[in-house]
Structure formats: structure tokens, C-alpha cells
Amino acid sequence: MRIGRTRLLTGLVVTAALVGLGAGTRALAANDQPGIHAGNTVIVPSLTLLGTYRTNVYLQEGPAGGGLPVIPGFAISANPGVEVTFDSTQARFKLNADYLARKYLSKEISNLDRFKDFRIGAKLDLLPSKVVGVRLNNQFMLMGRETEAYYAEDAYLTETRNTALGQLMIRPGSSLELGLGGTVDLTDYDAPESTNYLRTPNLNNRISYGPRIDGKWKFLPKTAVVAGYESSWVYWDNNFLDTRGTGPGREDVGDYLGMPDSKTWRGFLGLRGRFTSKTVLNLTLGYGQAIYDENSVLEDALNEVDGS
């Protein structure tokens, strides 16, 4: 296996889903909003059951790409979740959490069974109706992505990521809201040990941070013009990855992968809202750019050569 290599993937995915609980659980209250109501708190549980048939479970390149034949399989997945909201004049809080479990019916591909993926997010608005307030937002997740390492005990590339946002909210009028702050993103990537030349699951780490500005002008009760800008500096722990795998089917296409540091930015302007009881519009126009630092790769590459 070669981490990060561009591959030509082929496959067909057929999915059947059953969604429940979230829309079916209702409070014995005067309002008709879904969920369990307790004062200012609303709890909405949910459950999604999936049956998925895939013709290429390991995302292999297949014979057309010069590799081994692809492998099909059928999986059953369960995705329970919960949403908790609290709303008052002093604070608004929202919590989202969900868990994903996946089981393949064939023992031959049991290394694709997955029982540890989850996501959890929290958003807190302090003094949401005052001229000056604070917004905090944090998202944490652990998710796996299938690799072509069918011989590995665990054939997943695992991504662990935490994204935090902090903003000072300024509301000079009832229709205008500005958010001034920044974000920090920490990401860790782990790969199957049997696919790593150094025999370690630690593949790479990344940190990014930068400022963020958000604006909203409400010109109708449920419609607003929105705009935003954010930029970030992205730094990899290892800018020159050794991708020499030890599994079968190894082709001689290069032993290293460059991961340059970068600076990115993007801006957008849009219109979001409900114009009639049956018409909702979300129109956004944006532009962004990423500037990569080639020297960051060259420095690590020279260190790798000098140390070998």
C-alpha cells in the first residue's frame, strides 16, 4: 500500500436506509416541534440503519489500473445520534453527537468491520441578544476511510480531528451581526502498521489556524445577506512521507510523498432565507486560494537523505 497515492477507483454502491426516532419522538406539549421538551431544553434522538452493497470494498484500482481484482461485499450499519438544544435570553447551546457501527456479512473482509467512528460537536452563544456577545464552537470526530490494504488487520486510514472556533459577536443593530475571531484545527492521521515502512501507525499530524470574519444582515424576518472571510496557516508534522509499503502488489511508482505547508484563504457572499412558506433559497458565491511552500518539503527531504 502507498499512502496518498492517486488511484483510479471503480465500484458500485447500493444503499438502503431506514431513518427513525428523530421525527417520531414528540413531546406532550403545546408546540409541534419534534423532540423531548423539558423547559428550555429540547432533546431529539435519531437512528439510521443502512444496508449497503459495494462492488469494491477496499477502494482498489482494479485490473484496469494494473492491480488485483476488486472485492465486493454487503455491510449493515447503525448510526444512532442525539441533538440537544438549550435556548434562553442569556445563552444558546447546541450539542450534536452520533456514532457509526459497520459490520460486513462476509468473514473474508472482516478487517473492514468498524465500531469506533463517532462525531461530537458543541456550539455556545453567550448573550445572543446583546450588542456584544461571545460565540464558541467545537467539533471533534474520529472517522475511518477504507484503504486498499486488504491484507491488514485493520484496513482503515483513521482521521482524528478537532476544530475550534471562537468569535466576538457584535450587533450594532437588530438587523446586523458581525463575528470577529479565529479557528484552530488539529488533525492526526493513523495508518495500518503493515502498510507502513517504519512499522508504526503514526502517519502524520497537521495543525492549521487563522482569523475568521462572519457577517449577516437581515433585511426580512427570515432572510439575510451573509458574507465571510477566513485564512489559515497549515503546517504538517512531516512534510516528506516515506510511503514504502510492505504488502503484496507493491509497484515501483515512488517511495516518498511531499506534504507541503501552505497558506489558504477564502471569501464568500451569499443570500439565505425563506421568501415564502414554500420557497427557501441558499445562494452563495465564493473564491479561495491555497499557496504551497515547496521549501518545507525540500527541507524535510534533505534531512531524510542526510539521515539515511
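The salt bridge (Lys or Arg N to Asp or Glu O under 4.0 Å) pairs that include a residue from residues 273-297 number zero, where partners must be two or more places apart or lie in different chains.
Within the 4.5 Å cutoff, the side chain of V42 has heavy atoms near those of the V44 side chain. You'll find the side chain of D190 reaches within 4.5 Å of the side chain of N202, heavy atoms only. Using a 4.5 Å cut-off on side-chain heavy atoms (C-beta onward), Y235 and Y209 make contact. Looking at L302 and D300, their side chains never come closer than 4.5 Å, going by heavy atoms from C-beta outward. Taking the side chain as every heavy atom from C-beta outward, Y58 and N111 approach each other to under 4.5 Å. Residues L241 and M259 meet the side-chain proximity criterion, which asks for heavy atoms closer than 4.5 Å.
Environment of CG in L220: crowded, with over 12 heavy atoms of neighbouring residues, nucleotides or ligands closer than 6.0 Å. For CZ of F268, the number of neighbouring non-hydrogen atoms (other residues, nucleotides, ligands) closer than 6.0 Å is greater than 12.
Of all non-hydrogen atoms in P211 and W233, the two that sit nearest each other are CD-CZ3, 3.8 Å. Taking each heavy atom of L165 and R212 in turn, the nearest pair found is CD1-CD, 4.0 Å. For the pair M169 and G179, the tightest heavy-atom approach, listed with the atom from each and the gap, is SD-CA, 3.7 Å. Taking every heavy atom of both residues into account, P128 and T89 meet most closely at CD-O, 3.5 Å. Taking all atoms of both residues into account, the shortest heavy-atom contact from N138 to A164 is OD1-CB, 3.4 Å. The heavy-atom pair separating P260 from W236 by the smallest distance is O-CD1, 3.5 Å.
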Before giving the answer on side chain to side chain donor-acceptor pair (under 3.5 Å), spell out for Y156 and D117 the whole-Å C-alpha distance, their side-chain angles and the decisive distance to 0.1 Å.
CA-CA 11 Å; Y156 281 91; D117 288 352; over 6 Å; no

Would L180 and I213 count as a side-chain contact (heavy atoms from CB on, under 4.5 Å) here? Give the steps.
CA-CA 5 Å; L180 307 175; I213 302 173; 3.8 Å; yes

Test side-chain contact (heavy atoms from CB on, under 4.5 Å) applied to V132 and L168, step by step:
CA-CA 7 Å; V132 178; L168 182 67; 3.7 Å; yes

ring-ring contact (aromatic ring centres under 6.0 Å, His included), that's the test. Do F118 and F140 meet it? Break it down for me.
CA-CA 9 Å; F118 70 92; F140 181 83; 5.8 Å; yes

Is there a side-chain contact (heavy atoms from CB on, under 4.5 Å) between D154 and R114 once you walk through the steps?
CA-CA 9 Å; D154 181 10; R114 186 80 174 178; 3.9 Å; yes

Run the numbers on L136 and K123 for side-chain contact (heavy atoms from CB on, under 4.5 Å), then give the verdict.
CA-CA 6 Å; L136 302 174; K123 180 180 179 181; over 6 Å; no

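Distance CD1/I291 to CG/D261: 13.5 Å, rounded to 0.5 Å. Note: R119 CZ to N96 CG = 10.0 Å, rounded to the nearest 0.5 Å. Distance check, rounded to the nearest 0.5 Å: OG1 of T160 to CE of M143 gives 11.0 Å. Taking CD1 of I71 as the reference point, atom CG of L59 lies at 11.5 Å (rounded to 0.5 Å). Remark: D98 CG to E83 CD distance equals 11.0 Å, nearest 0.5 Å. Going from atom CG of L50 over to atom CG of L100 covers 8.0 Å, rounded to the nearest 0.5 Å.
Under the 6.0 Å cut-off for aromatic ring centres, W217 and F219 qualify, their centroids lying closer than that.
Of the N and O atoms on the side chains of E108 and S106, at least one donor lies less than 3.5 Å from an acceptor on the other residue. Side chains of T187 and D185: a donor-acceptor N/O pair is present below 3.5 angstrom, by distance only.
Evaluated for a salt bridge (Lys or Arg N to Asp or Glu O under 4.0 Å) with E177, the options K218, K130, R171 yield exactly one hit, R171. In summary, of the residues considered (N205, N204, L203, D237), a side-chain contact (heavy atoms from CB on, under 4.5 Å) with D188 occurs for N205 alone.
Of the possible donor and acceptor atoms, one in the side chain of N79 sits under 3.5 Å from a partner among the backbone N and O of Y99. Listed for the S232 side chain is no donor-acceptor partner under 3.5 Å among the backbone atoms of V234.
Scanning for side-chain hydrogen bond (donor to acceptor under 3.5 Å, both in side chains) contacts around Y104 gives R54, with sequence neighbours left out.
We find that D214 and K216 are not joined by a salt bridge, their nearest charged nitrogen and carboxylate oxygen being 4.0 Å or further apart.
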